[in-house]
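First the structure, in the form of structure tokens, and then the observations on it.
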Amino acid sequence: MSEIESIQRIPGYERVKDRLEGTGINAGLLFILPTFLLIVGLLLYPMVNTFLISLHSAGMTGLTLQNYVTLFTADWFLPLVRNSVVWVVLGVVLQIAFGFALALLLNTKIPGKKLLRGLFLLPWITPAVVVALVFKWMYNPQYGIINHALKEIGLIGQSIGWLSNPDLALFSLVIAALWKRFPFVMIMLLAGLQDVDDQLQNAAIIDGAPYLARMRHVTLPQLMPVLKIVVLLSVIWCFNQFAIIYTATGGGPVGSTMIFPVKVYELGFQQLDFGLSTALSVVMFAIMFIFMIIYMRMLSRQGVDL
Amino acid sequence: MTSASAAYESKARRYLRYLLVYALLAIVLFPIYWILSSSLKTPSTIFSIPPSIFPEPGSITLQHYRTAIDGPMMNYFLNSIIVTLITMVMSVFLAIFAGYGWAKFEFRGSTLTSTFVILSRIFPIVVILVPLFQILKSLGLINTHPGLVLAYFVYTLPLTSWMLKGFFENIPDNVIRAARVDGFSELRIFAEIVLPMVRPGIVATALFSIVIAWQELLFALTFIQDDALYTMPVALLGLTNQYTIKWGLMMATSFLFMLPVAVLFLLTQNYFIKGITGGSSL
């Protein structure tokens, strides 16, 4: 206490203290400031720049919407949107379905559960580039194990070009993304299942409620908060995914696996058209923004906050 | 949930459930097994039709690993280790302070800034690729490892500071208040009382930073142009650009690349799970 008293005897202490408290400057602000400024500098400032660059076009002076005109009239634009939608929707649905099923399965009594859980999580920490390479190898039309296995059990007669057939390539890569991402969904939902009320569950069992009814009326409602965050994070992950597709197909064949991030990279750093690349980035950002607003609205209407 | 459903389960159903879990595990782990298996096959057996599930004992070879180690791969490996470790140390260091500040202090703008951080976690990062390239270029940081580390903060800082915020929030306020009453300075409270209590959180955020930086491709591909500075993901991608893909070498390199993180993960699983679930263990 004597230390504090001696500080308080310093002239002007109270005045400085009041002023600091008045401005709200305290240790907390100093603690967060470096991180906060870095995030702002590395995210917000470039985002503003993205917008500004997109309004400039080569050979034009001043601000112009030329890049957006070029973008929306490009013959690859609609296929790009369609591919991205398929990639995100199918990816998220499969990841949630598979991850949820495994979470339910691993939430039962199983010997060696801890090790099992760790092994199921291995795809999650497998680098995306490696995921793309091993799937590319397994999908190989001549030597790939998948074609061979399917022929062996008689599902297909001829080898299939999983990544070279434009009708199939995107779906083949959705499977690769599913493999990498389902463990994340599984572990999040497994954590959520720990919080499901045992007593409610037991009461439902005693009342003779069948499994699906218990799932619908007891488990799911309590899992909703986690599930909504998982859906959001999975949408972001799919929407942002670059490495798997770029490594496996580079967006081909004939643009059939081209999604937003790959196209942003291709326009900016292979065709060196920064204007068009940033215009596409702004469109991408707008789509995400609109999705977020709709999603948050839906959540708040159901009384769940993130 | 577990206890009740187990009580009503017949023995046959129980074994069926075990069987299902292990069958699914086998399918899930098959690609990883296939990387290892392919990397050990001689060039002639790797292209055998039908492919052999297990490499025949006589044809197991380490030649692809030898090629990988003799080539420039070790240099790329080292680059990846350097970039990953620096990213990890700095992200965790910054996030420790930020997490503490957001969790335990009230100041003007606290809610606003922390909301901004959670929003940055769901930001589509590709969107800032071009301006980030230009910023790094104007700072003279393009084509350098420090520049890459700086860019990786975009991925790591929102995650690590948010994760650590959660861990700090789990510390009861009374612990800190009691220390203040006892006349501890803020710095001493932080270093001697609070930090030891969030050690699992620090480990967890360090591990997450490692996993993120180790596999990052987009920024490494865009911001590093000098071959000698490539990280492993870029180098692996480069292997696909050859006219005939050397699958054995590719799989051996892939295995070497994923091995350190996989081992680290299996050893520290609990920390990962604490990190992902915000401090609670399963």
Side-chain angles (χ1 to χ4, degrees), chain A residues 1 3 24 26-29 31-32 34-36 38-39 42-43 46-47 49-50 53 105 108-110 118-120 122-123 125-130 133-134 137-138 143 145 148 187 190-191 194 196 198 201-202 205 232 236 239-240 242-243 247 261 264 268-269 274 277-278 281 284-285 288, chain B residues 1-2 4 6 17 21 25 28-29 31-32 34-35 47 50-51 94-95 97-98 100-102 105 107-108 113 117 120 122-132 135 153-154 157-158 161 183 186 211 215 217-218 222 233 236-237 247 250 254 257-258 261-262 265-266 269 273 276-277 282:
Chain A
M1 290 307 271
E3 203 183 353
N26 67 15
L29 189 62
F31 279 162
I32 66 132
T35 302
F36 181 67
L38 266 170
I39 298 176
L42 288 168
L43 249 151
M47 188 57 226
N49 273 332
T50 298
I53 299 167
L105 204 54
T108 57
K109 255 197 192 132
I110 293 169
L119 292 172
F120 268 114
L122 275 180
I125 52 107
T126 302
V129 178
V130 173
L133 290 178
V134 69
W137 172 224
M138 292 195 303
Y143 311 108
I145 186 73
H148 169 69
I187 201 72
L190 200 50
Q194 307 296 306
V196 170
D198 265 6
Q201 195 68 246
N202 288 345
I205 291 174
L232 182 64
I236 309 289
F239 194 59
N240 248 323
F242 170 80
T247 309
V264 166
F269 295 93
F274 281 3
S277 174
T278 46
S281 298
M284 193 179 157
F285 181 78
M288 200 63 234
Chain B
M1 181 170 188
T2 324
R17 188 160 50 81
V21 172
L25 183 68
V28 163
L29 288 187
I32 293 173
W34 201 235
I35 296 173
F47 293 126
L94 286 165
F97 290 99
Y100 185 48
W102 273 311
F105 288 85
F107 51 92
R108 202 183 284 172
T113 51
V117 171
S120 65
I122 46 176
F123 184 85
I125 285 168
V126 190
V127 162
I128 54 164
L129 192 64
V130 169
L132 208 53
I135 291 167
F153 286 163
V154 173
L157 280 184
S161 52
E186 287 299 325
V211 170
Q215 65 172 303
L217 175 69
L218 180 65
T222 312
L236 267 170
L237 183 69
W247 285 109
M250 187 107 88
S254 294
F257 177 46
M258 69 174 291
V261 176
F265 172 75
L266 287 177
Q269 226 207 96
I273 287 160
I276 211 172
T277 58
L282 290 183

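Reckoned from all heavy atoms, side chains included, excluding hydrogens, waters and symmetry mates. Given the structure is predicted, the values throughout are model-derived calculations rather than measurements. Each chain gets a letter, A, B and so on, in the order the sequences are listed, and its residues count up from 1.
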*State the CH2-CG distance between Trp247(B) and Leu133(A), to the nearest 0.5 angstrom.*
6.5 Å

*asked:* Let me confirm one number: the OG-CD1 distance from Ser120(B) to Ile39(A), rounded to the nearest 0.5 Å.
replied: 4.5 Å

_Residue part contacting chain A, namely of Phe47(B), when any heavy atom lies under 4.5 Å_ = both

_Check: Phe31(A) and Trp102(B) side chains under 4.5 Å, non-hydrogen atoms_ = no

*Nearest non-hydrogen partners of Val126(B) and Ser281(A), listed with the distance*: O-OG, 4.4 Å

*Taking atom CD1 of Ile125(A) and atom CE of Met258(B), what is their separation to the nearest 0.5 Å?*
5.5 Å

*Contacting moiety of Leu266(B), where chain A heavy atoms sit under 4.5 Å*: side chain

*asked:* Please identify, among Val129(A), Leu105(A), Val130(A), Ile145(A), the residue contributing the most non-hydrogen atom pairs under 4.5 Å to chain B.
replied: Ile145(A)

*asked:* Quick check on the interface: out of Trp137(A), Phe36(A), Phe242(A), Phe239(A), who has the most heavy-atom pairs with chain B under 4.5 Å?
replied: Trp137(A)

*Pick whichever of Val261(B), Leu129(B), Ile125(B) has the most heavy-atom pairs under 4.5 Å with chain A.*
Leu129(B)

*Of all the heavy-atom pairs spanning Pro131(B) and Pro46(A), show the shortest one and how long it is.*
CG-O, 3.2 Å

*Non-hydrogen atoms of chain B under 4.5 Å away: do they reach the side chain of Met288(A), the backbone, both or neither?*
side chain

*asked:* Just verifying a value: how many Å separate Leu43(A) CG and Ile128(B) CD1, rounded to the nearest 0.5 Å?
replied: 4.5 Å

_Has Thr35(A) got a side-chain atom pairing as donor or acceptor with Leu94(B)'s backbone, closer than 3.5 angstrom?_
yes

*Are side-chain heavy atoms of Phe120(A) and Val21(B) found at a separation under 4.5 Å?*
yes

_chain B contact via Ile53(A) - side chain, backbone, both or neither, heavy atoms under 4.5 Å_ = side chain

*Region of Thr247(A) in contact with chain B, defined by heavy-atom distances below 4.5 Å*: both

*chain A heavy atoms under 4.5 Å from Val117(B): which part of the residue, side chain, backbone, both or neither?*
side chain

*Looking only at heavy atoms, which two atoms of Phe265(B) and Gly118(A) are closest? And how far apart?*
CE2-O, 3.4 Å

*Against chain A, work out which of Val211(B), Thr222(B), Val127(B), Leu217(B) has the most heavy-atom pairs shorter than 4.5 Å and name it.*
Val127(B)

_Nearest 0.5 Å, please: how far is CG in Leu218(B) from CZ in Phe269(A)?_
8.5 Å

_Consider side chain to side chain contact (heavy atoms under 4.5 Å, CB included). Of Thr278(A), Val264(A), Asn49(A), Thr50(A), which one does Val130(B) pass it with?_
Thr278(A)

*May I have the step-by-step check of side-chain contact (heavy atoms from CB on, under 4.5 Å) for Leu29(A) and Phe105(B), ending in yes or no?*
CA-CA 8 Å; Leu29(A) 189 62; Phe105(B) 288 85; over 6 Å; no

_Leading residue by heavy atom contact count with chain A [cutoff under 4.5 Å; candidates Phe257(B), Trp34(B), Tyr100(B), Phe153(B)]_ = Trp34(B)

*Measuring heavy-atom distances to chain B, does Ile110(A) have an atom under 4.5 Å in its side chain, in its backbone, in both, or in neither?*
both

*Rounded to the nearest 0.5 Å, what's the gap from CD1 on Ile187(A) to CD on Gln269(B)? Could you check?*
7.0 Å

*Would you mind checking which part of Thr113(B) comes under 4.5 Å of any heavy atom in chain A, side chain (CB onward), backbone (N, CA, C, O), both or neither?*
both

*What residues, two or more places apart in sequence or in another chain, satisfy side-chain contact (heavy atoms from CB on, under 4.5 Å) together with Ala128(A)?*
Lys180(A), Gln241(A), Ala243(A), Ile244(A), Gln215(B)

*Of all the heavy-atom pairs spanning Pro123(A) and Ile32(B), show the shortest one and how long it is.*
N-CD1, 4.5 Å

_For Ile135(B), which atoms come within 4.5 Å of any heavy atom of chain A: side chain, backbone, both, or neither?_
side chain

*asked:* Heavy-atom cut-off 4.5 Å, strictly under: side chain, backbone, both or neither for Phe285(A) against chain B?
replied: both

*Please confirm whether the backbone N or O of Lys109(A) pairs with a side-chain atom of Arg17(B), one donor and one acceptor, at under 3.5 Å?*
yes

_Please classify the contact of Ile32(A) with chain B as side chain, backbone, both or neither, using a heavy-atom distance under 4.5 Å._
both

